[in-house]
Amino acid sequence: MNGMSNLSLSLRAESDAEVLESGIVESKAKSEISEIVKNVFERRLLNASVFANKEIISQHYIPEKLPFREKQIDEISSDLSPSIKGTKPNNIFLYGKTGTGKTATVKHVLEQLTEFVSKQSLPVFSAYINCRNHPSKYKVLLKVAKSFYPSKDFLGYSVSFIYEKILDFCEANSAHLILVLDEIDKVKDLDELVYSLTRGNDELGKGSITLIGISNNLMFKEKLDPRTKSSLCEKELVFSPYNANELKEILVERCEKAFKPKAVSDSSISLVAALAAQESGDARTAVMLMQRAGEIADSEKAVLVVEQHVEKAKASVEEEIILSMVSTLPGQQQLVLYSISAMTIQHKGSRRITGEIEEGTLFSGEIFETYCEMAKHLGRRTITSRWYRQYINELEMYGLILITASGKGIRGQTRLIKLGFDAERIKSALEKELFK
DNA sequence: CCTCCACAGGAAGCGCAGGAGT
DNA sequence: ACTCCTGCGCTTCCTGTGGAGG
């Protein structure tokens, strides 16, 4: 999850560097006339891009049409419709993996709602809050207050004051507030936040507050306080991953606008869709892959994006994901992963275990042994086996390793561990991190 | 069938850092 | 400035589990 945001950051950084570079080229060019000509032509070439409007294929762009989410749009809008009739809608909880269009769908519905209520001048107001940036009750309330009193600055006021201000706003305008809390699992004191916001409804004579919670953590709901859970999840909506066909249609639609006509081959789109579907059904990765493939095509001065560019894009994106994931891991966990990758390489083709065991599969116990030896060798402290298991589970969650339970043929209960990515690639990424 | 193995993973607790309260 | 509280990373201790072997 984090990998994605890191990735977008580094992508942006890259384009910044490009801008900078061209700036240097420009200032240099002033001194030499021949240089100017050369650079103008070079720029011509650079401008000869496969993109028509790159913005549309960036992951921050929200398309007007959301294919395969009609049902969800329909449900959310019908759930919110009481607000335009002057009664309180149910709270809604949305969950689904990353890149399944949760945020885009909600934003789309809110846009439509805002458009409608402003035409009819109805007292319905909405606010979108990304809890990653506002990860506490105080910060969320602050953000809410600010969006309804844009001119005032509540920084420094107490929680209860801000809370009262929000209620005042509802009361004074008979307003129905719709608060979208994206990445709601990031809020530290969520129980209290949900409690006070839902209790606000009891205090209000006029108006209401409705919450829409969004989370991509499927387990998160179970960890909530039962009361919070029941009030937040009055209505639930699941966003399932896209399949390859759906992804393809999404991509086709986006590519038509983002790329120049006939700049993308049909087969490359199919390949991107297939790759993304196989990974996770994540539209964001698909879009990112497509964008990267286009950039690679540009850099090769190609006029058509073909499968080859997609393959390269996949490798480059994968490498970035691995690096950004690996670099945020705690040192000991990096060592564990390093042991796994080293062992995978070492054991290649020379496993002495008999039976039906797939190539590259390791036992939980032997990895721990190697890890201990390695840590000792490097003069580092070692974690206990219990915590090691915890680390292993986390690594699986990140998708860096795959775990299967030992079945017949293996004594005792253990787990078989396999790397999720290429061993050499992980090892080299880790070496950069571990050894200075 | 029982016992042993090789773990898995829950529960409790500990030391520490950093933030909140006073 | 001070204490108090809380979350985090981790250890210790423990119970559970599925298969191998006698």
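All heavy atoms count here, side chains included; hydrogens, waters and symmetry mates do not. Every value quoted in this text rests on a predicted model; they were computed, and no experiment measured them. Each chain gets a letter, A, B and so on, in the order its sequence line appears, and its residues count up from 1.
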Identify each donor-acceptor pair in which a side-chain atom of residues 82-90 of chain A lies under 3.5 Å from a protein atom, sequence neighbours left out, and give them as a table.
| residue | atom | partner | partner atom | Å |
| --- | --- | --- | --- | --- |
| A:Ser83 | OG | A:Leu80 | O | 2.7 |
| A:Thr87 | OG1 | A:Pro82 | O | 3.4 |

Pairing residues for A:Leu329 by the side-chain contact (heavy atoms from CB on, under 4.5 Å) criterion, not counting sequence neighbours: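 A:Gln333, A:Gln334, A:Leu337, A:Leu395, A:Tyr398, A:Leu400.
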
A:Glu249 and A:Arg254 ion-paired at < 4.0 Å: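 Judged by the 4.0 Å cut-off on N to carboxylate O distance, A:Glu249 and A:Arg254 do not form a salt bridge.
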
Ionic contact status for A:Lys376 with A:Glu373, cut-off 4.0 Å: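 Looking at A:Lys376 together with A:Glu373, the answer is no, because their closest N to O distance does not fall below 4.0 Å.
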
Test log, rule side chain to side chain donor-acceptor pair (under 3.5 Å), inputs A:Ser270 and A:Lys248: CA-CA 6 Å; A:Ser270 300; A:Lys248 187 173 176 190; 3.0 Å; yes

Donor on one side chain, acceptor on other, A:Gln332 and A:Tyr388, under 3.5 Å: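 On atom types as modelled, these side chains do not qualify, holding no pair under 3.5 Å.
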
Student check: side-chain heavy atoms of A:Lys235 and A:Glu75 closer than 4.5 Å: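 Yes, side chains in contact.
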
Shortest non-hydrogen contact between A:Ala423 and A:Ile345, atoms and distance: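 Answer, listing the atom of A:Ala423 first, then A:Ile345: CB-CG1, 3.8 Å.
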
Nearest heavy atoms of A:Leu141 and A:Ile166, plus distance in Å: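 What the structure gives for the nearest pair is O-CD1, 3.7 Å.
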
Phosphate-side-chain proximity, A:Arg381 and C:dG9, N/O vs OP1/OP2 below 4.0 Å: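 Result: no.
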
Start and end of chain A contact along DNA chain B [non-hydrogen atoms, under 4.0 Å]: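 Taking any atom under 4.0 Å from a heavy atom of chain A, the span is B:dC5 to B:dG10.
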
Summary of protein contacts for nucleotides 15-22 of chain C, nucleotide by nucleotide, where a base hit scores B, a sugar-phosphate-only hit scores S (4.0 Å, heavy atoms): -BBBSSS-

DNA chain B-proximal residues of residues 385-394 of chain A, any heavy atom under 4.0 Å: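 Nucleic-acid contacts, sorted: A:Arg386, A:Arg389, A:Asn393.
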
Inter- and intrachain pairs under ring-ring contact (aromatic ring centres under 6.0 Å, His included), touching residues 167-195 of chain A, at least two apart: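 Listed once each, the pairs are A:Phe125-A:Phe169, A:Phe148-A:Phe169, A:Tyr149-A:Phe169.
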
